[in-house]
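To start, the structure under review is shown below, and the notes come after it.
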Number of protein chains: 2
Amino acid sequence: MLVMVAHAAPAAASATTAAVSPAPTFSPLYRQIKSLILQRLESGEWRPGEAIPSETELAQRFNVSQGTVRKAIDEMAAENLLTRRQGKGTFVATHEDPRAFFRFLRLVPIAGGVEPARSIPIECWRAKAGPEAARMLALQVSDPITIVRRVLHFSGKPVVVDEIYLPGEIFGNLTLEMLRDFQGSVYSLFETEFGVRMIRAEERLRAVPADRMSAELLNVREGTPLLSVERVSFTYGDKPVEWRRGLYSTAEHFYLNELG
Amino acid sequence: MLVMVAHAAPAAASATTAAVSPAPTFSPLYRQIKSLILQRLESGEWRPGEAIPSETELAQRFNVSQGTVRKAIDEMAAENLLTRRQGKGTFVATHEDPRAFFRFLRLVPIAGGVEPARSIPIECWRAKAGPEAARMLALQVSDPITIVRRVLHFSGKPVVVDEIYLPGEIFGNLTLEMLRDFQGSVYSLFETEFGVRMIRAEERLRAVPADRMSAELLNVREGTPLLSVERVSFTYGDKPVEWRRGLYSTAEHFYLNELG
DNA sequence: GAGTGGTCTAGACCACTGC
DNA sequence: CAGTGGTCTAGACCACTCG
């Protein structure tokens with residue numbers, strides 16, 4: 001049945017759209033399988049850290065060959081949505097994995113050493129979205145939001161000061177205690193406690209002078225150049241669910257980026 | 001013949017190394033094909049922008065199935081070493097491609113618009129490598145190097161001031177005139193005139209105050225926070241061939257980074 | 001229409017994990 | 001040993017480009 005849909009789709013697509021636009025040409029079978037798997041992930045049917053059914057079983061279930069399922073999973077593994085483990089199975093990616101840590105925090109000490117960051121939450125409060133937060137989070141102005149202020153320490157020293165803006169609809173129950181008590185990264189908490197998995201993010205970097213409050217928190221002089229990092233994070237379906245403004249002290253750390 | 005090597009390799013490898021270390025387990029056939037193709041690229045047999053032989057021909061040549069060649073090329077396309085064009089062939093990736101531009105210059109205007117950067121070379125001279133340049137370029141101290149200073153303009157305004165350090169052995173003939181006259185990016189010139197193709201790079205970002213010279217060139221006040229971007233670029237075989245220090249004015253631009 | 005990459009299949013066998 | 005992902009093959013057909 002799925003096969004028929006698969007073969008019918010491109011023909012129908014080109015028939016209806018060819019005269020309008022040449023863009024949406026063709027959707028191969030493995031992409032349809034991919035979006036079926038994606039649906040299961042979005043719906044929470046297969047949860048972070050769990051194994052999904054084996055390739056052969058998915059192939060039977062979807063009535064396609066194992067190679068087609070494989071190609072779908074290949075792409076999703078490349079996008080860090082799934083993780084393959086030979087001999088064990090294919091697993092839904094999770095931020096519990098320490099590898100995921102440095103994918104989202106690219107700060108490295110100038111002088112060697114790989115100490116993990118320690119997050120120290122300062123405040124957590126509710127507010128109404130201003131125009132900027134609303135735009136970034138695709139909300140309406142004055143929709144409820146939750147804001148977290150915190151500091152990140154590396155080997156005991158404050159290096160990053162952060163403000164995290166979250167949609168109140170999802171994160172209305174977030175409290176300072178949860179942030180304090182949770183073992184693991186913030187994204188790990190979001191995933192475990194709120195069922196929200198961050199897939200990708202965009203960061204915008206600038207150099208700015210330290211304001212008084214940040215200077216105090218980071219133990220630098222007011223006006224010291226800091227790295228300003230604005231991040232919007234997206235979950236499934238490219239839905240923005242976090243907006244973050246961070247100031248990084250780059251006296252003893254740098255932001256490492258790989259250009260592929 | 002190659003097939004025999006392929007099948008013999010893992011057995012031999014595990015026989016000799018199993019007792020020593022469990023690391024270098026197994027090299028599948030498609031990776032051997034991949035490194036054969038890589039050799040052709042490194043040697044310049046297939047040059048940037050040119051088409052490589054078709055998959056079927058490579059399969060015959062290497063005595064493997066087309067699917068195996070395909071998988072090798074798949075990986076190399078994912079690494080931006082090759083570019084596939086349906087119906088036309090597979091091509092060696094090149095920095096002439098405008099897509100390659102923003103892979104290596106992630107500066108975006110805050111207020112919309114996608115004006116291309118204009119590179120204005122200021123100086124180009126020979127020098128001897130200091131300890132830092134030597135380390136970054138994997139040279140000996142006092143080996144010859146070539147240094148370029150330049151400014152990047154966006155819509156007529158200076159935004160980036162750059163110093164580029166290059167191994168003299170390769171870039172001994174680089175002149176200010178070449179930089180001025182060449183149409184296209186610096187990497188495009190390196191590729192065309194010096195046969196050096198940049199594959200990947202690492203950037204280290206910090207926020208620093210503008211020194212007097214940079215402040216003048218960028219038309220900002222001394223001490224203004226600037227984004228310091230240090231880059232080491234690598235060619236085939238992870239050989240470093242460029243070290244760059246740039247100062248970016250982030251008054252009207254930001255550095256955009258995608259976290260996947 | 002010939003040639004290229006892109007998709008899909010079916011089946012064999014290998015490497016790894018865990019019972 | 002059974003079950004999983006990983007590799008390799010051979011062949012069919014589709015989509016795209018170009019002369």
Side-chain angles (χ1 to χ4, degrees), chain A residues 2-15 17-18 22-34 37 50-78 82-92, chain B residues 2-15 17-18 22-34 37 50-78 82-92:
Chain A
L2 193 90
V3 176
M4 290 175 59
V5 173
H7 286 172
S14 37
T17 62
T25 36
F26 173 63
S27 178
L29 192 46
Y30 75 88
R31 278 196 193 280
Q32 303 178 40
I33 302 301
K34 185 180 167 184
I37 297 175
E50 291 178 7
I52 71 172
S54 74
E55 293 179 355
T56 52
E57 185 180 335
L58 288 174
Q60 286 171 8
R61 215 188 273 193
F62 294 141
N63 262 300
V64 298
S65 82
Q66 195 231 13
T68 300
V69 171
R70 180 149 250 279
K71 184 144 189 182
I73 293 179
D74 274 347
E75 280 201 3
M76 299 180 74
L82 297 174
T83 304
R84 326 186 77 136
R85 293 182 212 157
Q86 182 171 157
K88 300 182 73 173
T90 302
F91 297 78
V92 183
Chain B
L2 191 88
V3 176
M4 292 175 60
V5 174
H7 287 174
S14 36
T17 61
T25 36
F26 173 63
S27 178
L29 192 45
Y30 75 87
R31 278 197 195 279
Q32 303 178 39
I33 302 301
K34 186 180 167 185
I37 296 175
E50 291 178 6
I52 71 172
S54 73
E55 294 179 355
T56 52
E57 185 180 335
L58 288 175
Q60 287 171 8
R61 216 188 272 192
F62 294 141
N63 263 299
V64 298
S65 82
Q66 194 230 14
T68 300
V69 171
R70 181 150 250 278
K71 184 145 188 181
I73 293 179
D74 274 346
E75 280 201 1
M76 300 181 72
L82 298 174
T83 304
R84 324 185 80 135
R85 293 183 213 157
Q86 183 171 161
K88 300 183 73 173
T90 302
F91 297 78
V92 183

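Residue numbering restarts at 1 for every chain, and letters A, B, ... go by the order of the sequence lines. The basis for the numbers below is simple: all heavy atoms, side chains too, and nothing from hydrogens, waters or symmetry mates.
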Starting at atom [atom1] of [X], determine the distance to atom [atom2] of [N], rounded to an integer number of angstrom.
{"X": "Asn63(B)", "N": "dA10(D)", "atom1": "CG", "atom2": "P", "value": "10 Å"}
{"X": "Phe62(B)", "N": "dT7(D)", "atom1": "CZ", "atom2": "P", "value": "19 Å"}
{"X": "Arg84(B)", "N": "dC16(D)", "atom1": "CZ", "atom2": "P", "value": "16 Å"}
{"X": "Arg70(A)", "N": "dT4(D)", "atom1": "CZ", "atom2": "C1'", "value": "10 Å"}
{"X": "Gln66(A)", "N": "dC13(C)", "atom1": "CD", "atom2": "P", "value": "16 Å"}
{"X": "Gln86(B)", "N": "dG6(C)", "atom1": "CD", "atom2": "P", "value": "6 Å"}
{"X": "Lys71(B)", "N": "dG5(D)", "atom1": "NZ", "atom2": "P", "value": "14 Å"}
{"X": "Gln60(B)", "N": "dG3(C)", "atom1": "CD", "atom2": "P", "value": "12 Å"}

Arg85(B) near the nucleic acid: base, sugar-phosphate alone, or nothing, with a heavy-atom cut-off under 4.0 Å?
->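 Sugar-phosphate, backbone atoms only, no base.
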
Side chain of [X] (C-beta onward), nearest among [options]:
{"X": "Ser54(A)", "options": "dA15(D), dG5(D), dC8(D)", "answer": "dG5(D)"}
{"X": "Ser65(B)", "options": "dA10(D), dC16(D), dT7(D)", "answer": "dA10(D)"}
{"X": "Lys88(B)", "options": "dT17(C), dT17(D), dT9(C)", "answer": "dT17(D)"}
{"X": "Tyr30(A)", "options": "dG18(C), dT7(C), dG6(D)", "answer": "dT7(C)"}
{"X": "Leu29(A)", "options": "dT7(C), dC8(C), dT7(D)", "answer": "dC8(C)"}

Tell me which of Thr90(B) and Gly67(A) sits closer to the 5' end of DNA chain C, going by the nucleotide each one is nearest to.
-> Thr90(B)

In Å, rounded to the nearest 0.5 Å, how long is the span from OG of Ser54(A) to CD of Gln60(A)?
->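 Those atoms lie 7.5 Å apart.
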
First locate atom CG of Leu29(A), then atom CG of Asn63(A), and finally report the distance between them rounded to the nearest 0.5 Å.
->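 CG of Asn63(A) is found 10.0 Å from CG of Leu29(A).
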
Quick one: which residue pairs count as a salt bridge (charged side-chain N to carboxylate O under 4.0 Å, His left out) with a foot in residues 58-69 of chain A, not counting sequence neighbours?
-> Glu57(A)-Arg61(A)

Work out which heavy atom in Ile37(A) is nearest to a heavy atom in Phe62(A); give both atom names and the distance.
-> CG1-CE1, 4.3 Å

In a table with atom names and distances, give each donor-acceptor pair under 3.5 Å that connects a side chain of residues 83-91 of chain B to protein atoms at least two apart or in another chain.
residue, atom, partner, partner atom, Å
Arg84(B), NH1, Asp74(B), OD1, 2.4
Arg84(B), NH2, Glu55(B), OE2, 2.1

Short side-chain N/O contact from Thr68(A) to OP1 or OP2 of dT9(C), under 4.0 Å = yes

